[in-house]
Each structure stands twice: as structure tokens, then as C-alpha cells.
Amino acid sequence: MNSGCNMQFLQGNEACALGAIEAGVRFFGGYPITPATEIAEVMARELPKLGGVFVQFEDEIASIGAVIGASVAGTKAMTATSGPGFSLKQENLGYAIHVQIPCVVVNVMRGGPSTGLPTLPSQSDVMQARWGTHGDHPIIALAPYSVRECFDLTVRAVNLSERFRIPVIVLSDAIIGHVREKVVLPKREELTLVERKKPTVDPEDYKPFEDDGTGIPPMANLGEDYLFHITSNNYDDEGFPATNDHDIAGRRIKSLYNKIERYRDEIDDVDLFMVEDAEIIIVAYGSTARSARRAVMMAREEGIKAGLFRLKTIWPFPYDHLKAAAESANHLLLAEMNMSQLDSEVRSATHDLETKLHGLHQSNGMLITPYQIYDSLKGLV
Amino acid sequence: MNNKEYQVRLSGFGGQGIILAGIILGEAVSLYENRFAVQFQSYGPEARGGASRAEVVISDEEIDLLELIEPDVFLALSQQAFDKYIGDAHEKALVIVDPDYVTNAPLSSRKVFAVPVSRIAREQIGKTIVINMVALGALAAITGLVGIDALKKAVSARVPPGTEKINLKAVLAGYESAREMN
Amino acid sequence: MKRNSYKKYLRTHKLPHIWCPGCGHGIILGAALRAMDELELDPYKTVAVTAIGCSARTNAIMNCNTIQTTHGRSLTFASGIKMARPDLTVLLFVGDGDGAAIGGNHLIHAARRNVDLTTILLNNSIYGMTGGQYSPLTPYQKTASTSPYGNLEQDFDVCKLADAAGASYVARGIAHDPRHLSRLIRGGIEHKGFSFIEGISQCPTYYGRRNKFSSPLEIMRWVKERSVRVKPETYNFSQDMDGAIPVGLLSHRNLPEFTDEYRKLVEQLQKGDNA
């Protein structure tokens, strides 16, 4: 099992780990949890061979804490978990968003709440990925729908995280994480890798959080030419606490949002399948989108003009893309393995269109099958 | 069998190597016949010895079916697995059982192949651990879903180094015994 | 050593500090700064990690790399830093609630893993930043805002905990004797492995006032009078101290250090690949 070689029959979680390694991740903080554990197991085996560090920590909190520490020290770092662990990581995830430390958190979703359905598939952490940690904050979350995409979107997650100094969530699910299928992974030289932007100013002039005009402050690594301070409190451009200055506080939060909004063209990522002439468009992501693609083909064979709008980037939600795609359709069918978490996002994207929104939601630990979606499509004709 | 996608469910005791058999079947089809397969498995809290299953969908085209709907082929190497997983196998499904372990198989309208895979493993190979390989060989012969050459290549590539010979012998023993049955 | 030369490890433009008058934390920080100065630590290669609470206020005023993290989690961040960059010197300043309550599990496991970190626990027997609630190091029957009728819980011997968990250097000093504490901290930094130093501080504002100490000095004297110097050769953590506080280097052993072990693994695997 390795990247850059010919055809392989790989599991989604294995592809995710290989993607991380190819993207340059050299620190993995792990904690065992099904259905994500294979990612840690591959990292435990492969990272030390590459001089990277794998450590299994005492809990989910420690694993992300160490990941953030390693990232501040200049190493691309990642952790992987599932719902219960994702809940535990929220505190430090918020810290990393706040102090703008790149890292990747993979959540292989299973049914909740609590330990819920160990370990049946689900997509019910979509809103937790968006708003799981407290306070106003942006986030980036990507959803792979195939083994190959587990690789590709993990590489992309690492790149986006380094580029925008923000944690990126890979929202996989128990189906995609565990399914094995044939893949041909790209060779190393075919990949574009992003490295974090480093400061070039004189050390005495370095202000770790000063906007250099791009909205993304250059980041020094520990132990190099710059001294710096990081705080969990609201901070000024020099990185020191600024909790009594409302102007600085407001500006800081806005700057966190703006650095993402400003670069939506780099972050948004959707896949359109037969939507051009579609009268009914399915909105789906992850494993459900696989079923949806099949349902579209089944429907097309029957003469039903169906299409699929697939979210590869879930957060920030690609409102404009959805609106553009939905403009000429009569119906939208949102299919998710949850109790309709993205409903309000889809509504807000299409609120001034005539398109009617329907939902196909299932939260019982079972994949929504192509036949279920096909039946829903037929019901809309 | 014609050009649709085939849904295969392999089941048995945990510890019989059912999941490995599923992976090898998927690899044989997708890597050595250049067709398509997806494989998935049940992850329960079941301890070793409980019922275990692995599922494979096989097709000549890309597959978007990530969960088994209705098995076309159902293999059961234990009564518990048979009882637990036969449920949604459709009426025309091919059913392969080990008659030494699956003694109660009420299958009026289904076609049942009784292949004593554990006995073959024990008597012809001398190791019950290769029961999964015998079963794969038998499945290949009965269903024609995978060629024996591809299966042999996949087995050689996947099993621990040094055990290729005995595993290949087991696959062939299963294959031959099931061919004789036809 | 020039008098006050340790001040180069202070970001003097970030002073004054925000501790209450009479607080012991500044004394303990001073002891740590003197140890850093004696060892001539390169600020660029030194990282001080804190979390939340009064203990965390050591951080922004230190002139080296300083990282203030989430409550109780400083050891996890510090572990990641040290594992990614074993060449850096990593010091931690944690509090008694921070290090022994919310961060207690991380303390146990960082000690067990024997990562080369120097952890200084500033023990003022109270949650000061939030206004004086009892912590795992508030003694039995002492009063706090959340134990108004006296603390019903037994307090930790946090050094015994660290030792039992596998810390390879364990010491206790007191704010009343900063030179001694400084030597203990210096020993901890020099030691290769997980070093744990409890520094007994005082909180006159909350702990002192609620427990009928009339001044900061009175708390310091109370601690001083009960402290007994011990040596690692003769001290054992189970011995009955009859209310006395054992002070000094309590235990010291050479155990495989995590980042060393990891480096050896990497070398072995990479050699195997080349062969």
C-alpha cells in the first residue's frame, strides 16, 4: 500500500492516511475510535519510516492539543476521530481557529448522539463541524465520496489549512472510511503542495498577526528566527492579550471571517453531475452522493431529467454555486443521513428561486440507497 | 451470469478469515481482471467467534452501490452466520454452505451448493485456517464471478509471505471440489 | 553571574504583571528565570507553555517563545512541540486546578511517557482567577468560596502522583526559599526526561483571607515552619510526615526519554530501509 504506484484496492481510511503523508503531514496525534482507527494505524506504521512522529495520546483532547503544538513548531499535523471524539476535540479546535494554527481533523462520521450507533454510518456531524466549538468562527470542511477522494480531499485539507492558517475538517463517514475500491493514486510530482507563508521582516519588527495585505498573516515556526506569544484570549497584532479593547476584538473576529470569505473561489468546491438540463437536482455529499449519482443514472434511463449537485466543500457552504445550479430546476431534493441539517443552508441559497425543496433524510445507521433516492425522484415527476 | 452488478455476501465465524476473503475477492476482480469491485464489512462489537460478514459488489462498470441491497451470492460457513445474514438474499440467489456447520438451511426455492470447505481444509490441506481460501475457490467455481487465475494472483499478493503455497493449494482444492459438484 | 541578569528573560515592556500584592507566583517565576539565566538558555530555543489561571500569567511577560493554551491542556501542546522539535527546551507553568484537576490526566500521561519537559506547578491551594474556589490541592477542611463550610475532600500529594505516574525528576520548593526553588528548577531543566517541580505559592487574596491568615507573610511562614528538607536517597513518598511538608529533590531516576526512544526507532527503521 503506497502512493504514487499503480492500481490498488484501498480502504477510504487508508487513502486518507496516504493523502496526509503525501501532503507532508509528519505529526499525527491519535486516539483509538471506530470507524476512524485505520487512519491512526497506517500513520503509526508509516510515519516513523519517514522521520515523522506518530503518538497515541491519553485522550482525544490531548491528541489535538499535541497536533496544534506540533504545528506551531512547524510540522504539518493531523488527527482523526469519529463523533464522540470530535465532541471532545471541539475546545482545542476552537483554539486553533482562534490563534490561526493550521491542522487537519478527520471525522469519520457515525451515528450519534453520544456513542449512538457504534459504528454505523451517519452524516449527522455536519452542523457540529460548522458550529461545534463555541464563539463566532469560520471553518472549512470537506466531504469525500470515494476512496480516491479520501486521498485527494485530505491533500486538499492540508493545503487549505496551511494556506489559510485554519483547521480543516475532513468529514468522511463510516461507509466511505471503510469501503475498499480500486484506485490509482497520483504520483508525488503530480501533487501541488502548499507550505505556510513565513515572515520575512526583521525579527524586531515581527508582528505575528499583522495583516500583510492578504488577510493571512505570515506564520513563524517555533525555534527559528522569531520570538512570539500566542494566547487563547482575544489578541492584538503582536499576539498579546487585548481583552479590553472592543475595536481590536471586533476587528479580530472579522479578520478571521474575512480571510475565508475573501478566498471563496479557492475554497468552494462542488461537483455537478448532469445538472445542466435537470428538472430535479439532488443535493448530496459523502456516501449519500454515491447513491445519488446512481439514482440519477437510473432516473435518466427512465427519461427523468435528474441531476446531482455534490458538495465537496461543505463549509463554507457554496450558496452562490447552488443558486446558479438550481435556477432552472423545478425541484431540489436534499438527501442526507441526518435529520435535515443542511436544510436551512439550501433554503437560504435558493430563497428567491421558484425551486421547491424536498428532503430525503434518514438517521438510522443505514446508507440511503440509490433505490430510495430513485423512488423519491419518481415521486417528484 | 450476465453484465449487471453482482452482490456477494460472505459470512461465517469471526476468526475464519471472512473479511480477508472479501478483500481478496475484491482485489482479484479489480486488480487482476481490470473490472470493478467494492468491498465492505460489518464492524460490530462482536468478539472473535461471533458471526462475521464481508460483502463485495462486482461489476464490469464503475460501482455506486456502497451497501448490499440483495445478495446474489450468499456464502455461509456457520449456522449462526446463515441465520443472521440469509435474510435479504433474493429467491434466485446462489447459496453456498458448509454442510458440516450449516445443518439447518431452509431454502426451498433457492439453489444451494453444499461444499464441505472445512473438511477439505482439514483433510486435503491439513490446516483448518485456510478454510476461507477453500471457500473462495469454491465460490469462483460455482459463480464464475472471478477467474481462478486472477484469484490465485490476488491470494499470492495478499497472504503473509511464506504461506502462498499452502493458500494457493487451498484455493485450488476448493475450486476443484466445487467444479466436480457441478 | 550578575545580579538581576535574569531580567533579560522578561519582556519588560509587558510589565507590570497582574498578580495581586503578596502573591507568590512572581517569586516562583523569578526562581525559574534565575535557573534559565544560570543555564544561559537561548530564548529562541526556549518555549514556555501555560494554560489558564493565575499560573498562566507567568507567560506573556517572559522573554522567550510563550504559548498560553486551553485550561489544563498545556502538557498536550507542549508534548506536541517537544516531539516535533526535540531540540527545544520546553518549560511549563501550570496551576493547582489547571495541572491537577482539569489537566490531571495529561499530567499523569506526560509523566508516564517521560517526555523531556519541565513542569512547574504553582500551588496556591485555590482557583484564584475565578475568585477563590477549592482545588484538588486545597487542604482538608480549608475554606474556599465553593467550600464555605470547609473542604470535605482530601487533597493530592501531587509530587507523589507525578512520581507514581513515572516522572523521572520530582521536587518541591517553596516561595519562602526562592534560591532553593531555583536550584530545583535548574535541576529539572538539566534532567533529561519528565521533570516535575511543585512550587508552593500563596494566595493572600482568596486562600489567605478565607482561612484566617492575616498577611501573605503569615502564609509563607506557615509553609516554611512545616517544611522539612529531604533527600531523594532517603525520602520515600509513603513515609508519614506527620503534617510536615517534604521539600527538596524528592526522586530522581534515569529512564528512557520519549523523544530519544522515538529518534532511535526512526533511525532503526530508516537503516532497515537502506539495507
Side-chain angles (χ1 to χ4, degrees), chain A residues 26-29 45-77 79 90-96 98-99 101 103 133 203 220-233 235 238-241, chain C residues 11 13-14 42-52 56-57 59-90 102-103 105-106 108-110 112-113 115 258-259 262-263 265-270 272-273:
Chain A
R26 289 297 178 271
F27 188 95
F28 187 94
R45 191 183 63 222
E46 300 301 325
L47 274 183
K49 295 184 200 166
L50 301 164
V53 178
F54 168 89
V55 181
Q56 181 176 306
F57 282 90
E58 58 271 20
D59 56 32
E60 298 275 8
I61 298 167
S63 68
I64 185 169
V67 158
I68 297 168
S71 183
V72 178
T75 306
K76 290 180 180 175
T79 181
Q90 293 302 325
E91 173 198 41
N92 283 338
L93 186 64
Y95 179 93
H98 168 74
V99 296
I101 306 298
C103 62
T133 194
N221 297 331
L222 283 176
E224 293 178 357
D225 300 332
Y226 299 88
L227 287 185
F228 57 90
H229 178 69
I230 296 176
T231 175
S232 65
N233 291 332
Y235 51 84
E238 294 181 23
F240 289 94
Chain C
R11 287 181 178 126
H13 63 290
K14 289 292 164 190
D42 177 355
Y44 287 84
K45 303 289 178 196
T46 304
V47 189
V49 188
T50 65
I52 296 288
R57 300 304 177 129
N59 201 251
I61 57 175
M62 289 178 73
N63 189 34
C64 59
N65 289 295
T66 47
I67 300 183
Q68 176 260 311
T69 69
T70 47
H71 196 19
R73 318 298 178 207
S74 48
L75 276 164
T76 74
F77 287 71
S79 294
I81 291 167
K82 184 71 187 180
M83 289 161 179
R85 284 291 304 271
D87 60 311
L88 301 181
T89 300
V90 183
I102 191 167
N105 197 36
H106 307 308
I108 291 169
H109 289 279
R112 175 182 63 78
R113 228 172 254 125
V115 198
F258 180 87
T259 61
Y262 201 93
R263 181 181 43 79
L265 169 68
V266 167
E267 283 168 5
Q268 181 195 328
L269 288 172
Q270 294 189 337
D273 274 358

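Chain naming here is simple, since letters A, B, ... match the order of the sequence lines and numbering starts at 1 in each.
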What part of [X] is in contact with chain A, defined as an atom under 4.5 angstrom from a non-hydrogen atom: side chain, backbone, both or neither?
X	result
C:D87	neither
C:I67	both
C:R112	neither
C:R11	side chain
C:Y44	both
C:I52	side chain
C:K14	side chain

Query raised in the report: In terms of heavy-atom proximity below 4.5 Å to chain C, should A:L50 be classed as side chain, backbone, both, or neither?
Result: backbone
Keeping [X] on the side-chain end and [Y] on the backbone end, is there a donor-acceptor pair under 3.5 Å?
X	Y	answer
A:Y95	A:Q90	no
A:Q56	A:G29	no
A:D59	A:A62	yes
C:S74	C:T69	no

Report task. Report yes if the distance between the aromatic ring centroids of A:Y235 and A:H98 is under 6.0 Å, otherwise no. Result -> yes
Query raised in the report: Between A:F27 and A:F54, does the ring centroid distance fall short of 6.0 Å?
Result: no
Heavy-atom pair count under 4.5 Å with chain A, highest-scoring of [options]:
options	answer
C:T259, C:L88, C:T46, C:N63	C:L88
C:R73, C:H109, C:M83	C:R73
C:K45, C:H71, C:R85	C:R85
C:V266, C:N65, C:I108	C:N65

Report task. Say whether C:Q68 and A:T231, considering side chains only, have a donor N or O and an acceptor N or O under 3.5 Å apart. Result -> yes
Requested in this report: Check the side chains of A:H229 and A:E238 for a donor-acceptor pair under 3.5 angstrom, ignoring hydrogens and angles.
Outcome: no
**Report entry** Distance, nearest 0.5 Å, that separates CZ of A:R26 from OG of A:S71
**Finding:** 14.5 Å
Report task. Give the member of A:V99, A:L47, A:V72, A:I230 that has the highest number of heavy-atom pairs under 4.5 Å with chain C. Result -> A:I230
Requested in this report: Name the member of A:P241, A:G74, A:G52 that forms the most heavy-atom pairs with chain C at distances under 4.5 Å.
Outcome: A:G52
